[in-house]
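First comes the structure, then the notes that go with it.
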Amino acid sequence: MKSLKLISSAIAMLICFVTIAQERTISGIVSDETKQPLPGVTVFNQTSKKNVATDFDGKYSIQAKTGDMLVFSYIGYKNQNQKVQNSNTINIKLLPDNQTLSEVVVLGYGVSSSEYEDRSYARAERRREKKDAAQALKGKVAGIQVQNSMGYSAMPSPTVSIRANESVSPKNEPMYIIDGVPAKANQMAKINPNDIDNVSVLKDQAATSIYGSKASNGVVVISTKNEIYKNLSEKELDKKLNIMPIPTEPTQEDYDAFIENAFESPKTAPLSTFSIDVDNASYTNIRRFINNGQQVPKDAVRVEEMVNFFKYTYPQPKNEHPFSINTEVSDSPWNKNNKILKIGLQGKNIPTNDLPASNLVFLIDVSGSMSDMNKLPLLKQSMKILVNELRAKDKVAIVVYAGAAGMVLPPTSGDEKKTIIDALNKLQSGGSTAGGAGIELAYKTAAENFIKGGNNRVILATDGDFNVGSSSNSDMEKLIEEKRKTGVFLTCLGYGMGNYKDSKMEILADKGNGNYAYIDNIQEANRFLGKEFKGSMFAIAKDVKIQIEFNPKQVQAYRLIGYENRKLRPEDFKNDAIDAGELGSNHTVTALYEIVPAGVKSDYLAEQPDPLKYTKTETNSNNYSNELATIKFRYKKPDGDKSIEMVQVIENKSVALDKASDDMKFSSAVAWFGLKLRDSKLIADKSSEEIVKLAKQGNSNDGEGYKAEFIRLVETSKQYN
């Protein structure tokens with residue numbers, strides 16, 4: 001018996017030893033003090049001597065055993081040690097190291113560090129290797145990253161980030177000073193390296209103490225031999241560097257004009273009816289303009305698409321319906337006496353394995369207008385992201401059009417990824433832009449391979465510069481409405497700039513059971529076609545309509561913020577022949593109303609008409625004092641023809657904005673910025689500082705960094721809009 005106990009103890013010790021010694025995968029996210037992911041952080045296992053670096057999203061994965069010590073290091077930040085214990089997930093937040101380099105001087109063509117000096121900067125020796133001024137810093141200066149513009153966005157020059165304070169957007173630029181003259185990134189990048197004497201990089205207090213708050217992202221100070229750019233104006237500097245000015249308005253781009261919604265009285269307009277909108281193309285397009293230092297065209301701004309770019313924390317549905325309904329009322333941040341009603345829908349999250357099989361047809365524009373790097377080349381890389389999401393039961397066909405339409409890949413199983421990608425790689429641009437034949441062939445292919453109960457979808461990728469019939473837009477609208485009857489859904493992906501036709505893309509998406517995204521860089525492609533693949537490509541409800549009736553005892557006037565192109569007539573609500581928007585798996589939809597409460601004086605209201613003699617909108621003596629409004633929803637199942645109705649009462653209950661949810665604060669800030677860009681006459685306060693302040697208060701659940709990026713866009717846009 002004693003021997004058995006000894007053997008058992010020995011076995012237990014051996015199992016324990018093996019368990020401790022067994023390597024496993026440790027993963028996590030490394031972020032900075034502002035909760036933004038840090039790319040390029042070194043993760044070092046002191047035991048195995050292995051090391052890895054975090055990717056663009058701050059993510060890492062490394063092999064380690066229980067008891068191993070991981071060291072997280074990044075220039076400009078304090079090292080952090082973390083012992084591996086039971087958990088396989090270790091998330092780290094690095095803090096700035098104020099004792100490290102606060103300034104680096106780059107001489108000539110490169111940099112190499114030397115001893116620290118009293119002013120905390122390192123000096124460098126020249127290298128016999130020609131680079132431009134921006135690339136001379138890359139990988140050589142502590143805490144600096146340089147991002148090439150190609151495939152990232154249409155930036156005119158590389159983007160420099162100091163202390164890697166980087167997000168999805170490339171617009172976290174430092175200040176640039178050339179021979180004492182404030183300059184822009186594209187000017188800095190154009191300087192001949194042979195003319196450079198030295199480059200000083202200032203960070204943190206060393207930057208702001210000299211140049212003020214504008215230097216919060218750091219300062220790059222360039223001195224040239226003989227100070228050849230000293231005392232030049234911005235235009236003179238452009239001329240000397242042979243820089244062509246960027247047009248403030250892209251004259252060849254096309255946007256539908258519309259008038260923003262006005263305030264309406266519930267006594268004369270008791271019902272507000274509209275289709276949901278899950279598109280977010282307007283936001284990414286606006287981001288492109290701001291990142292390029294261009295004025296945002298007023299008609300490019302669709303506020304609802306800006307708001308719906310972001311995801312909010314609504315609960316999953318708990319009943320038989322495919323989405324949950326969530327409402328909240330708080331103060332208007334731009335008109336202090338008014339209220340904001342937020343309506344949020346949360347689509348049911350269906351596990352990927354439970355999603356129906358997909359029958360996809362890629363309809364790709366290969367006409368001559370698609371030759372730019374941010375068009376067909378970016379398009380092909382985008383489609384590869386989508387291909388990686390496909391399963392064996394999914395199938396893909398590829399149809400292209402230019403002067404004529406043709407099939408370059410017949411329906412192919414999703415597990416034959418190499419075959420699909422090889423077909424994409426062979427695509428080249430050239431020819432005219434007759435898109436009608438391409439649409440016909442794509443829908444024909446989708447119909448011939450239709451999967452009953454499946455996800456049947458045409459994915460159109462183009463710059464929108466194509467023709468359908470003799471009167472383009474009207475003929476295209478008729479064609480796409482006819483194709484909608486086949487049960488095939490539509491996704492429109494927009495690319496490019498300069499000749500971009502947003503108006504055509506919006507018509508296609510609105511009329512064709514579709515959704516619409518503008519892909520301005522590969523990160524956006526990864527978001528829409530990769531991370532949000534289920535919501536973008538799998539509809540769980542179609543023709544979703546909202547109708548709201550406000551209580552005139554509590555509401556003097558109301559207006560729907562955005563959705564101008566999605567408004568419906570009251571009688572359209574119950575008409576199942578009327579098309580409306582689609583909701584995808586785990587997708588959210590947010591709509592905002594601005595309300596003038598009863599008894600509040602407002603400068604934005606027209607003179608009210610006299611009471612009606614023959615028609616009365618108030619027939620019930622009950623004043624419903626505890627009800628603000630009644631809201632109704634109608635939707636169809638993806639393969640259904642008859643709509644289902646949901647009804648919910650909204651309480652007459654409001655909370656102060658500082659007590660409101662983060663979602664209310666952030667969505668209101670986004671809408672506020674959109675109204676400012678549209679130069680709305682219905683907002684009293686247009687302060688960018690206040691928009692930023694509110695957005696920061698509502699910035700939570702931002703693991704991807706999109707909300708932080710929005711805040712930086714607002715700050716950047718002040719100089720352009």
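None of these values were measured; they are calculated from a predicted model. The basis for the numbers below is simple: all heavy atoms, side chains too, and nothing from hydrogens, waters or symmetry mates.
- Under 4.0 Å is where a charged nitrogen must lie from a carboxylate oxygen, and between Lys483 and Glu440 at least one such pair does.
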Step-by-step side-chain contact (heavy atoms from CB on, under 4.5 Å) determination, Gln547 to Ser272
CA-CA 6 Å; Gln547 186 172 79; Ser272 173; over 6 Å; no
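- Annotation: ring-ring contact (aromatic ring centres under 6.0 Å, His included) contacts of Tyr593 (sequence neighbours excluded): Phe550.
- When all heavy atoms of Leu360 and Leu386 are compared, the pair lying nearest together is CD1-CD2, 3.9 Å.
- Here the side chain of Ser667 pairs a donor or acceptor atom with the backbone of Asp663 at under 3.5 angstrom.
- Atom NZ of Lys426 has 12 or fewer neighbouring heavy atoms from other residues, nucleotides or ligands inside a 6.0 Å radius.
- Using a cut-off of 4.0 Å between Lys/Arg side-chain N and Asp/Glu carboxylate O, Glu482 and Lys485 are scored as salt-bridged.
- Evaluated for a side-chain hydrogen bond (donor to acceptor under 3.5 Å, both in side chains) with Arg288, the options Asn291, Asn292, Thr284, Asn285 yield exactly one hit, Asn285.
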- request: Begin with the C-alpha distance, continue with both residues' side-chain angles, and end with the deciding distance and a verdict on side-chain contact (heavy atoms from CB on, under 4.5 Å) for Phe533 and Leu390.
  value: CA-CA 10 Å; Phe533 172 73; Leu390 300 180; 4.3 Å; yes
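- Annotation: ring-ring contact (aromatic ring centres under 6.0 Å, His included) contacts of Tyr635 (sequence neighbours excluded): His321, Phe323.
- In this structure, Leu424 and Lys380 approach most closely via the heavy-atom pair O-CD, 2.8 Å.
- Annotation: side-chain hydrogen bond (donor to acceptor under 3.5 Å, both in side chains) contacts of Lys418 (sequence neighbours excluded): Asp422.
- A salt bridge links Asp463 with Lys375: the closest approach of a Lys/Arg side-chain nitrogen to an acidic carboxylate oxygen falls below 4.0 angstrom.
- Shown here for Glu260 and Arg559, the closest heavy-atom pair between the two residues is OE1-NH1, 3.3 Å.
- Between the side chains of Asn515 and Ser536, not a single donor N or O lies within less than 3.5 Å of an accepting N or O.
- A centroid separation of less than 6.0 Å is found between the aromatic rings of Phe710 and Phe673.
- Judged by distance alone, the side chains of Ser275 and Tyr563 never bring a donor and an acceptor atom under 3.5 Å apart.
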Margin query: Checking Gln346 against Asn586 for the side chain to side chain donor-acceptor pair (under 3.5 Å) test, could you report, in this order, the C-alpha distance in whole Å, the side-chain angles of both residues, the deciding distance, and whether it holds?
Written below: CA-CA 7 Å; Gln346 172 64 60; Asn586 206 35; 3.2 Å; yes
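- The closest side-chain donor-acceptor pair between Asn359 and Asn449, if any, does not fall under 3.5 angstrom.
- Heavy atoms from other residues, nucleotides or ligands lying under 6.0 Å from CD of Glu448 number more than 12.
- A donor-acceptor pair under 3.5 Å is formed between the side chain of Asn308 and the backbone N or O of Glu304.
- A donor-acceptor pair shorter than 3.5 Å cannot be found between the side chains of His587 and Lys534.
- A donor and an acceptor atom, one from each side chain of Glu305 and Ser282, are nowhere located under 3.5 Å apart.
- Counting non-hydrogen atoms of other residues, nucleotides and ligands closer than 6.0 Å to CG of Asn425 gives a total above 12.
- The shortest side-chain heavy-atom distance between Asn513 and Leu490 does not fall under the 4.5 Å cut-off.
- Checked against side-chain hydrogen bond (donor to acceptor under 3.5 Å, both in side chains), Asp415 has the following partners two or more places apart in sequence or in another chain: Ser413.
- You'll find the side chain of Thr273 stays beyond 4.5 Å of the side chain of Lys567, heavy atoms only.
- Looking at Leu493 and Phe528, their side chains come closer than 4.5 Å, going by heavy atoms from C-beta outward.
- With contacts defined as side-chain heavy-atom distances shorter than 4.5 Å, the pair Asp502/Arg302 qualifies.
- For Thr491 and Tyr516, the side-chain atoms include no donor-acceptor pair closer than 3.5 Å.
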Test side-chain contact (heavy atoms from CB on, under 4.5 Å) on Arg566 and Asp510; report intermediate values, then the result. CA-CA 8 Å; Arg566 297 279 186 160; Asp510 286 355; 2.7 Å; yes
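- Contact detail for Val301 and Phe258: the closest heavy-atom pair is O-CZ, 3.3 Å.
- The two residues Lys636 and Asp543 have their closest heavy-atom pair at NZ-OD2, 3.0 Å.
- Residues that satisfy the side-chain hydrogen bond (donor to acceptor under 3.5 Å, both in side chains) test with Lys348, not counting sequence neighbours, are absent from this structure.
- Using a 4.5 Å heavy-atom cutoff, the side chains of Ile691 and Ile711 are not in contact.
- Between Pro356 and Phe538, some side-chain heavy-atom pair lies under the 4.5 Å cut-off.
- The nearest pair of heavy atoms linking Val458 to Ala446 is CG2-CB, 4.3 Å.
- Partner of Tyr706 under the ring pair (Phe, Tyr, Trp, His ring centres under 6.0 Å) criterion, out of Tyr283, Phe309, Tyr312: Phe309 alone.
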- Run the salt bridge (Lys or Arg N to Asp or Glu O under 4.0 Å) check on Arg527 and Glu704 step by step: do they pass? CA-CA 9 Å; Arg527 182 193 74 87; Glu704 303 293 344; over 6 Å; no
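- Residues satisfying the side-chain hydrogen bond (donor to acceptor under 3.5 Å, both in side chains) criterion with Arg678, sequence neighbours excluded, are absent altogether.
- Counting only heavy atoms from C-beta outward, the side chains of Arg484 and Asp579 approach each other to under 4.5 Å.
- Within a 6.0 Å radius of NZ in Lys444, no more than 12 heavy atoms belonging to other residues, nucleotides or ligands are found.
- Contact check for Tyr401 versus Leu460: side-chain heavy atoms found under the 4.5 Å cut-off.
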